[in-house]
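The residues of the chain are indexed from 1 along the displayed sequence.
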Amino acid sequence: MAISFLASEISDLCLGKPPLRPLPTTATIADAVLALKTSGEIYVSVWSSEHSNSVVACNDTGCCRCVGKICMVDVIVHLCKEENLSHPLDALQSNVSDLITKVKGQIRHLEPNSSLLEAIDCILEGAQNLVIPIHNNARTNLRKSQLTQSPLHAPTLHYTQEFCWLTREDVFRFLLNAIGVFSPIPTFTIEDLNIITKQTLTIHYEDPAISTLPLISHSLSAQTSIAVINKDNRLLGEISPFTLACCDQTVAAAISTLSAGDLMAYIDHSGPSDNLVHLVKMRLQERNLSVMLDLMDDYYNPSSSSSSCCSSDEEFGSTKNGAVGRLIYPGRRSTAIVCHPWNSLMAVMVQMIALRVSYAWVVQEDYTLVGIVTSSEILKQFRSVVAS
């Protein structure tokens with residue numbers, strides 16, 4: 001029964017998925033920032049095309065392809081480089097391709113009739129997003145006709161083909177809805193299933209936040225997070241790429257000037273305190289990073305911004321949201337997601353889906369860090385049904 005379920009077509013997972021609103025490879029990083037903020041999406045897809053004005057694949061699938069995706073974390077890491085902190089406006093005029101990961105296979109194209117098993121195999125091989133063609137029908141053609149009349153949407157359509165993409169979260173949710181077919185695996189504890197990874201990305205509370213940069217890039221690629229611990233290896237919180245992706249780009253200044261512990265407070269869902277903002281500004285001033293300081297002022301005091309500041313803000317590729325570090329997307333959280341070795345696989349899956357994460361920290365009762373359980377390890381358990 002489980003094997004037949006894994007043979008389901010992934011078109012079943014695409015129902016209701018919105019079409020992608022991508023960027024061409026000719027766009028700038030500032031264009032990507034603007035697209036992220038106006039779309040309300042965590043990621044924006046980047047497409048390669050032999051047509052200069054096309055951003056979505058055409059009828060010939062060899063003509064245009066999704067070559068990567070970008071989120072605010074990529075922008076933040078880019079800005080944290082010393083040379084870019086000094087000249088952030090210039091840095092954001094670089095080509096968007098500079099932010100696309102060089103790791104192959106993170107984006108995979110699949111046909112709608114591909115099986116769920118194929119999708120899981122792609123994910124286990126490293127794919128983070130699966131690009132699926134959306135079949136045309138009378139309703140979508142009507143919607144396209146309406147959208148092409150709007151300048152805002154016109155660049156997102158090309159010929160008659162649209163695409164959506166599937167994530168690990170989509171696959172997870174689909175599996176959970178039919179969890180009974182995999183019995184008794186979901187009832188086993190994560191410890192009994194041996195899916196707790198002991199090697200984790202960690203940083204001490206007092207360490208400089210800038211030292212997390214390589215870890216941030218790694219955790220974004222692996223779709224995990226960075227544990228913030230004390231000297232007794234107790235989990236105090238996390239620096240999550242998901243949380244950073246919900247911040248504005250001026251968080252680069254905080255990463256470059258604060259400790260890991262202070263950065264956790266800075267990116268908290270309620271936004272940074274005035275004291276932390278003042279501390280960041282003071283340290284930027286000490287390092288003569290005047291442009292980044294001016295941009296923080298634009299964000300933190302939007303009502304006092306002059307017309308010249310507004311011009312700079314547009315060049316920065318952003319829309320002001322009232323204060324630096326503030327929430328710009330729904331769903332941003334401020335606390336680490338934890339579970340225990342004795343929790344069942346199903347309980348952990350429910351928690352991960354409810355909180356929209358692809359991992360959970362495994363801790364003892366006193367919050368001593370044991371390890372991490374990831375969506376990849378869980379998917380391997382369901383994949384093993386076919387091999388057994």
Under the criterion side-chain contact (heavy atoms from CB on, under 4.5 Å), I'd like the reasoning laid out for L89 against L295: C-alpha separation, chi angles, the key distance, then a yes or no. CA-CA 10 Å; L89 299 180; L295 290 168; 4.2 Å; yes
Check the pair S45, I107 against side-chain contact (heavy atoms from CB on, under 4.5 Å), reporting the backbone distance first and the verdict last. CA-CA 10 Å; S45 58; I107 304 292; over 6 Å; no
Using side-chain contact (heavy atoms from CB on, under 4.5 Å), reason through L289 and S86 one step at a time and then give a plain yes or no. CA-CA 5 Å; L289 297 174; S86 302; 3.5 Å; yes
For Q223 and S358, run side-chain hydrogen bond (donor to acceptor under 3.5 Å, both in side chains): C-alpha distance rounded to whole Å, both residues' side-chain angles, the deciding distance at 0.1 Å, then the answer. CA-CA 7 Å; Q223 295 192 315; S358 58; 4.6 Å; no
One pair to check against side-chain contact (heavy atoms from CB on, under 4.5 Å): T368 and D232. What are the steps and the verdict? CA-CA 8 Å; T368 298; D232 298 320; over 6 Å; no
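Between V280 and D262 there is no side-chain heavy-atom pair separated by less than 4.5 Å. Two residues are said to be in side-chain contact when any heavy atoms from C-beta on lie closer than 4.5 Å; C246 and M72 fail this criterion. Between T200 and T224, the closest side-chain pair of non-hydrogen atoms is not below 4.5 Å. At least one side-chain heavy atom of C66 sits less than 4.5 Å from a side-chain heavy atom of H109. Side-chain contact between P22 and W165 is absent, with no heavy atoms from C-beta onward closer than 4.5 Å. Side-chain contact between Q249 and P88 is absent, with no heavy-atom pair separated by less than 4.5 Å. Taking the side chain as every heavy atom from C-beta outward, V75 and L92 approach each other to under 4.5 Å. In this structure the side chain of F242 never reaches within 4.5 angstrom of the side chain of V357, judged on heavy atoms.
Residues in residues 206-218 take part in no side-chain hydrogen bond (donor to acceptor under 3.5 Å, both in side chains) pair, two or more places apart or across chains. Here side-chain hydrogen bond (donor to acceptor under 3.5 Å, both in side chains) pairs that include residues 170-182, with residues two or more places apart or in two chains, are K17-D170, T167-D170, E169-R173.
Ion pairing between a basic and an acidic side chain is recognised when a charged N comes within 4.0 Å of a carboxylate O; R283 and E286 show no such pairing. For E82 and R287, the salt-bridge test passes: some basic side-chain N is under 4.0 Å from an acidic carboxylate O. Ion pairing of K281 with D297 is present here, as a side-chain N (NZ or NE/NH1/NH2) and a carboxylate O approach within less than 4.0 Å. The pair R21-E41 does not count as a salt bridge, with every side-chain nitrogen at least 4.0 angstrom from each carboxylate oxygen.
Between the side chain of E377 and the backbone N or O of T374, no donor-acceptor pair lies under 3.5 Å. Although no hydrogens or angles enter the test, the distance criterion places a donor-acceptor pair under 3.5 Å between the side chain of N233 and the main chain of L369. A distance-only check finds a donor-acceptor pair linking the side chain of D248 to the backbone of T250 [under 3.5 Å]. The closest donor-acceptor contact from the side chain of N95 to the backbone of T25 lies under 3.5 Å.
Listed by chain and residue number, nothing satisfies the side-chain hydrogen bond (donor to acceptor under 3.5 Å, both in side chains) test with N230 (two or more places apart in sequence, or in another chain). Y43 meets the ring pair (Phe, Tyr, Trp, His ring centres under 6.0 Å) test with no other residue; sequence neighbours excluded. A search for side-chain hydrogen bond (donor to acceptor under 3.5 Å, both in side chains) contacts involving S221 returns Q106, not counting sequence neighbours.
Around atom OH of Y367, no more than 12 heavy atoms belonging to other residues, nucleotides or ligands sit under 6.0 Å away. Residue Q285 places its CD atom among 12 or fewer non-hydrogen atoms of other residues, nucleotides or ligands, all under 6.0 Å distant. More than 12 non-hydrogen atoms from other residues, nucleotides or ligands lie less than 6.0 angstrom from CD of E83. By the 6.0 Å contact criterion, CG on D366 is enclosed, its count of non-hydrogen atoms from other residues, nucleotides or ligands being greater than 12.
Within the model, atoms CG of D192 and OG1 of T187 stand 9.5 Å from one another, a figure rounded to the nearest 0.5 Å. Here CD1 of I255 is found 9.5 Å from CG of L79. Values are rounded to the nearest 0.5 Å. The distance from the OG atom of S114 to the CG atom of L130 is 9.0 Å, given to the nearest 0.5 Å. To the nearest 0.5 Å, atom CG of residue D74 and atom CD1 of residue I29 are 9.0 Å apart. Atoms OG and CD1, on S376 and I120 in that order, are 11.0 Å from each other to the nearest 0.5 Å. A distance of 4.0 Å separates CD1 in I196 from CD1 in I190, rounded to the nearest 0.5 Å.
The two residues A260 and I203 have their closest heavy-atom pair at CB-CD1, 3.9 Å. Heavy-atom minimum distance, L276 versus Y266: CD1-N, 3.8 Å. Across every non-hydrogen atom of I10 and A119, the tightest pair is CG2-CB, 3.8 Å. When all heavy atoms are compared, the tightest approach of M352 to A360 is CG-CB, 4.4 Å. The shortest non-hydrogen separation linking I76 to A252 is O-CB, 3.8 Å. The minimum heavy-atom distance linking H204 with V228 is given by the pair C-CG1, 4.5 Å.
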Would you be so kind as to tabulate the donor-acceptor pairs closer than 3.5 Å made by side chains of residues 338-345, with sequence neighbours excluded?
residue: H340; atom: ND1; partner: V363; partner atom: O; Å: 2.9
residue: N343; atom: OD1; partner: H340; partner atom: N; Å: 2.7
residue: S344; atom: OG; partner: A347; partner atom: N; Å: 3.1

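F172 has its ring centre no less than 6.0 Å from the ring centre of F382.
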